[in-house]
Chemist: 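Have a look at this one.
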Amino acid sequence: TLMEKIVIDQNRLTGTIPLEVSQLPNLWISNFSRNDIQDNLTNTFCQRDQLLEFLATDCLGNVVCPCCSDCCDEADICYPPNRTENIFDRRMKQRHIASIRDLHD
């Protein structure tokens with residue numbers, strides 16, 4: 001398939017992400033944040049031959065994603081995992097995510 005981007009944030013989705021989604025060969029952007037997904041992406045998205053340029057999800061709680069570029073918290077603030085950022089960095093990241101959303105609207 002030619003699908004390159006999946007942006008399904010803020011849709012109240014539950015369950016897991018189908019394995020086939022992680023195997024889409026042309027996929028380079030995925031945003032699953034602000035849903036109620038419960039999944040471990042370590043053996044799916046994180047094992048791709050070529051990692052995604054942008055992969056966002058809710059890493060606090062029900063999702064394990066060591067290769068995510070952004071993790072979102074309950075306050076809808078997204079930031080790189082395992083990194084503490086100051087308020088300016090968080091705002092810049094939010095603007096980046098908003099600009100990616102604008103590309104899809």
Side-chain angles (χ1 to χ4, degrees):
T1 181
L2 299 176
M3 185 176 293
E4 295 179 343
K5 303 170 191 168
I6 297 177
V7 179
I8 54 172
D9 60 319
Q10 299 183 30
N11 283 289
R12 298 183 183 169
L13 300 176
T14 60
T16 61
I17 301 167
L19 174 64
E20 294 81 9
V21 173
S22 69
Q23 296 172 341
L24 294 169
N26 295 316
L27 191 64
W28 62 282
I29 291 179
S30 292
N31 187 347
F32 304 110
S33 64
R34 299 177 188 98
N35 286 296
D36 193 20
I37 294 171
Q38 299 180 0
D39 209 344
N40 184 336
L41 306 182
T42 304
N43 295 320
T44 56
F45 284 92
C46 298
Q47 294 298 318
R48 291 173 49 103
D49 289 336
Q50 184 163 347
L51 294 178
L52 302 181
E53 289 288 323
F54 181 82
L55 174 58
T57 189
D58 301 315
C59 301
L60 303 175
N62 299 323
V63 177
V64 176
C65 187
C67 64
C68 277
S69 53
D70 278 46
C71 290
C72 302
D73 63 19
E74 63 278 352
D76 289 341
I77 297 174
C78 299
Y79 49 88
N82 303 318
R83 182 173 155 204
T84 304
E85 296 186 12
N86 63 35
I87 221 69
F88 176 77
D89 290 338
R90 287 187 182 189
R91 287 182 183 153
M92 293 305 291
K93 192 57 81 171
Q94 286 295 96
R95 288 183 188 143
H96 173 70
I97 291 169
S99 68
I100 288 174
R101 285 191 192 127
D102 290 342
L103 292 174
H104 302 288
D105 292 339

Chemist: Tell me whether the count of non-hydrogen atoms from other residues, nucleotides or ligands lying under 6.0 Å of CD in E53 goes above 12.
Modeler: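 Counting other residues, nucleotides and ligands, CD of E53 stays at 12 neighbours or fewer.
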
Chemist: CG of N26 to NZ of K5: how many Å apart, nearest 0.5 Å?
Modeler: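 Reported to 0.5 Å precision, the distance equals 12.0 Å.
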
Chemist: Using the rule that two of Ile, Leu, Val, Met, Phe, Trp, Tyr join whenever any of their side-chain heavy atoms come within less than 4.5 Å, decide whether M3 and I8 are in one cluster.
Modeler: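 Yes, it is one cluster - the side chains of M3 and I8 are joined through contacts under 4.5 Å.
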
Chemist: If you look at every heavy atom in D39 and I17, which pair is closest and at what distance?
Modeler: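 Closest pair (atom of D39, atom of I17, distance): OD2-N, 2.9 Å.
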
Chemist: Tell me if the SG of C67 lies under 2.5 Å from the SG of C46.
Modeler: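 Cysteines C46 and C67 qualify as a disulfide pair, their SG atoms being under 2.5 Å apart.
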
Chemist: Please report the closest heavy-atom contact between T42 and V64, naming both atoms and the distance.
Modeler: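 Between these two residues, the closest heavy atoms are OG1-CG1, 3.7 Å.
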
Chemist: Do you know the tightest heavy-atom contact between R48 and L24?
Modeler: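 Distance-wise, the nearest heavy atoms are NH1-O, 3.0 Å.
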
Chemist: Where is the tightest heavy-atom contact between L27 and L52, given as atom of each residue plus distance?
Modeler: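 Between these two residues, the closest heavy atoms are O-CD2, 3.0 Å.
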
Chemist: Can you confirm whether L55 sits close enough to C65 that some side-chain heavy atom of one is under 4.5 Å from a side-chain heavy atom of the other?
Modeler: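 Yes - at least one pair of side-chain heavy atoms lies under 4.5 Å apart.
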
Chemist: Is the side chain of D58 donor-acceptor paired with the backbone N or O of N35 at a distance under 3.5 Å, no angle test?
Modeler: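 Present.
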
Chemist: Would you say the side-chain atoms of N11 pair up with the backbone N or O of L13, donor to acceptor, closer than 3.5 Å?
Modeler: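 Answer holds: no.
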
Chemist: Hey, does the side chain of D9 reach the backbone of F32 with a donor-acceptor pair shorter than 3.5 angstrom?
Modeler: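 Between the backbone of F32 and the side chain of D9 there is no qualifying donor-acceptor contact (under 3.5 Å).
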
Chemist: Can you give me the closest heavy-atom contact between F45 and S30, atom names plus distance?
Modeler: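 What the structure gives for the nearest pair is CE2-OG, 4.2 Å.
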
Chemist: Strictly under 2.5 Å separating the two SG atoms? Check that for C68 and C71, please.
Modeler: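 A disulfide is absent here, as the SG pair of C68 and C71 is separated by 2.5 Å or more.
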
